[in-house]
Amino acid sequence: SEFYNQTVLAETPEQLEDFVTQWMGTYYNISTDVDEETKSTCDASVSGLTSRRFYDPESDVASVWYDICVVLVKYDEDWAFFVQSMLDAGAKGYGDAAFVDQIARPENRIEPVSKTDLLIQSALVPNSRIRESNTAVYLGHGDQGKLFTVPLSAAWVVEDSGAKWWYGTEDRTSQLQTYLAQTPAEFTWSDWVPFFLYPGEGGTIEIDNTQESIGATLYGDFQDPFGGTNAATAMQVA
């Protein structure tokens, strides 16, 4: 792995600095290479911002918003697509283009860590909305439906016996389930209550399916992402 060789095995601080600078430069390049259509859209968006009555010309809000707008437009408001592009550009930049497509399983560990168990920590959002629809998806468990309200620990674990997803819900259930319900299509802040987001003061980590008339319908067992056991790539688990 070129990443391992150029970081862990770097002989001087300067070598490590050069690598990190080059690596971060690949991220900068993909977010600043802007086509004319994107530029026009974001120029118009910034113009609308700066024309507002309470806009402070001494602030840097406009320039920051322009950069955010570029990412949103260029990557179709798809955060996963943006992260995929970042990782792909970074790997190609430091000379290991195949790395991101490697299956993250025991036999693909590099030699220095071939006897080391690996855990890549992530999280599952307990509720979401199918894009451009009025269908919400909830994670829960049980026949009557206990729905989670907090992010759930999810880790890709690589050990000698194989690689798999592990979820921090085993004290509640051995099988996560998915539920579907109708929810406001606009997905606006003013309608945040029907999404049953994370609990505030006095909240609990799960709520009854019938609480506040959620009325979600059991869809089926939650399927492990990216093909499940021994199937996910380095890109996917990242």
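Follow the hydrophobic side-chain contacts under 4.5 Å out from Y75 and you reach V83 in the same cluster. Clustering ILVMFWY residues whenever any of their side-chain heavy atoms sit less than 4.5 angstrom apart, transitively, puts V157 in a cluster other than the one holding V237. Note: the hydrophobic cluster containing F19 does not contain V8 (ILVMFWY, side chain heavy atoms under 4.5 Å, direct or indirect links). Grouping the Ile, Leu, Val, Met, Phe, Trp and Tyr side chains by contacts below 4.5 angstrom, directly or via other members, places I110 with L9. Criterion: ILVMFWY side-chain heavy atoms under 4.5 Å apart, direct or through other members. Under it, M24 and V100 are part of a common hydrophobic cluster.
Partner T38 forms a side chain to side chain contact (heavy atoms under 4.5 Å, CB included) with one of D43, V73, V71 and no other, that one being V73.
Although no hydrogens or angles enter the test, the distance criterion places a donor-acceptor pair under 3.5 Å between the side chain of Q177 and the main chain of G142. No donor-acceptor pair under 3.5 Å is formed between the side chain of T173 and the backbone N or O of T169. Side-chain N or O atoms of D35 include one that pairs as donor or acceptor with a backbone N or O of E37 at under 3.5 Å. In this structure, T178 contributes its side chain and G220 its backbone to a donor-acceptor pair below 3.5 Å.
Annotation: side chain of T183 is not in contact with side chain of T135 (no heavy-atom distance under 4.5 Å). Side-chain contact between F226 and T233 is absent, with no heavy atoms from C-beta onward closer than 4.5 Å. Looking at heavy atoms from C-beta onward, R172 lies out of side-chain contact with K146 at the 4.5 angstrom threshold. Side-chain atoms of Y28 and D33, non-hydrogen and from C-beta on, never get closer than 4.5 Å to each other. Two residues are said to be in side-chain contact when any heavy atoms from C-beta on lie closer than 4.5 Å; I30 and F82 meet this criterion. Two residues are said to be in side-chain contact when any heavy atoms from C-beta on lie closer than 4.5 Å; L176 and D221 fail this criterion.
The heavy-atom pair separating V34 from K39 by the smallest distance is CG1-N, 3.6 Å. Here the closest non-hydrogen pair linking F222 and Q175 is O-NE2, 3.4 Å. The two residues T204 and T149 make their nearest non-hydrogen contact at O-OG1, 2.6 Å. Between C42 and V70 the shortest heavy-atom distance is SG-N, 3.4 Å. Closest non-hydrogen pair, T26 versus G93, comes out as CG2-CA, 4.0 Å. Of all heavy-atom pairs spanning E77 and R131, the tightest one is CB-NH2, 3.5 Å.
The number of heavy-atom neighbours closer than 6.0 Å to OH of Y219, taken from other residues, nucleotides and ligands shown, is 12 or below. Atom CD of E17 has 12 or fewer heavy atoms from other residues, nucleotides or ligands within 6.0 Å.
For the atom pair CG (D117) and CG (L119), the distance works out to 9.0 Å, reported to the nearest 0.5 Å. A distance of 11.5 Å separates CD1 of I120 from CD of Q236, quoted to the nearest 0.5 Å. For the atom pair CD1 (I68) and OG (S31), the distance works out to 11.5 Å, reported to the nearest 0.5 Å. Here the NZ-CG distance, from K115 to D160, works out to 6.0 Å after rounding to the nearest 0.5 Å. To the nearest 0.5 Å, atom OH of residue Y138 and atom CD of residue E206 are 15.5 Å apart. To the nearest 0.5 angstrom, T116 atom OG1 is 12.5 Å from E159 atom CD.
Classified by interplanar angle (parallel below 30°, tilted 30° to 60°, perpendicular above 60°), the ring pair W23/F3 is perpendicular. Aromatic ring orientation, H141 versus F148: tilted (interplanar angle from 30° to 60°).
Under 3.5 Å, the side chains of Y167 and D224 contain a donor-acceptor pair of N or O atoms. If you check the side chains of S122 and W156, you find no donor sitting under 3.5 Å from an acceptor.
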Exercise. Check the pair T217, Q182 against side-chain contact (heavy atoms from CB on, under 4.5 Å), reporting the backbone distance first and the verdict last.
Key: CA-CA 10 Å; T217 302; Q182 296 299 294; over 6 Å; no
Exercise. For L139 and L147, run side-chain contact (heavy atoms from CB on, under 4.5 Å): C-alpha distance rounded to whole Å, both residues' side-chain angles, the deciding distance at 0.1 Å, then the answer.
Key: CA-CA 6 Å; L139 294 181; L147 307 182; over 6 Å; no
Quiz item: Checking side-chain contact (heavy atoms from CB on, under 4.5 Å) for the pair N108/F99: CA distance, chi angles, key distance, verdict?
Solution: CA-CA 10 Å; N108 286 335; F99 168 71; over 6 Å; no
Quiz item: Would I130 and V137 count as a side-chain contact (heavy atoms from CB on, under 4.5 Å) if you check the C-alpha gap in whole Å, the side-chain angles of each, and the deciding distance to 0.1 Å?
Solution: CA-CA 7 Å; I130 297 176; V137 181; 3.9 Å; yes
